[in-house]
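Quick notes on the structure that follows.
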Amino acid sequence: MRTDWLFLGVWLFPGMLLSQSSPLVGNMLRSGTAAYEQGQYLEAEREYRKVLDLDPECVEALFNLSASLFQQSRYPQAIEALERSLALE
């Protein structure tokens with residue numbers, strides 16, 4: 001159930017996957033996703049924020065960040081990250 005939220009982004013934003021365009025970004029995104037799938041939402045958040053430090057408009061990182069924040073019950077921040085991802089898509 002936890003991963004449903006994260007993978008919904010792949011369905012909603014199929015063109016947002018940047019992992020193939022930058023190996024470093026791709027590695028951080030995969031690391032964040034692995035942490036998320038293990039229920040390590042704070043670690044996932046850290047990885048997605050690292051991506052955003054490099055690329056503030058990375059829709060995939062923003063969407064996944066919103067899911068991580070949501071799982072931490074940080075709803076206002078989750079909504080903000082989600083809205084930013086939607087505005088960029």
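All values below come from the heavy atoms of this structure, side chains included, with hydrogens, waters and symmetry mates left out.
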Original post:
How would you list, by chain and number, every residue that makes a side chain to side chain contact (heavy atoms under 4.5 Å, CB included) with L88, sequence neighbours excluded?
Top reply: E57, V59, L62

**OP:** For residues Y48 and L29, determine if any side-chain heavy atom of one lies less than 4.5 Å from a side-chain heavy atom of the other.
**Re:** yes

**OP:** Any pair with a residue in residues 73-87 that passes salt bridge (Lys or Arg N to Asp or Glu O under 4.0 Å), sequence neighbours left out, goes on the list, sorted by first then second residue, please.
**Re:** E45-R74

**OP:** Determine whether the side chains of Y36 and S31 contain a donor N or O and an acceptor N or O closer than 3.5 Å.
**Re:** no

Original post:
Distance from S22 atom OG to L54 atom CG, nearest 0.5 Å?
Top reply: 7.5 Å

**OP:** Locate the shortest heavy-atom distance separating A81 from S66; write the atom from each residue and the value.
**Re:** CB-CB, 3.8 Å

Original post:
Would a 4.5 Å heavy-atom cut-off, applied to side chains only, mark L42 and Q72 as touching?
Top reply: yes

Original post:
When rounded to the nearest 0.5 angstrom, what distance separates CG in L52 from CE in M28?
Top reply: 9.5 Å

**OP:** Find the distance between CZ (R49) and OG (S68) and round it off to the nearest 0.5 Å.
**Re:** 9.5 Å

Subject >> side chain to side chain contact (heavy atoms under 4.5 Å, CB included) against Q40, all qualifying residues, sequence neighbours excluded >> reply: A35, Q38, E43

Original post:
Which value, rounded to the nearest 0.5 Å, describes the distance between I79 atom CD1 and F70 atom CZ?
Top reply: 9.0 Å

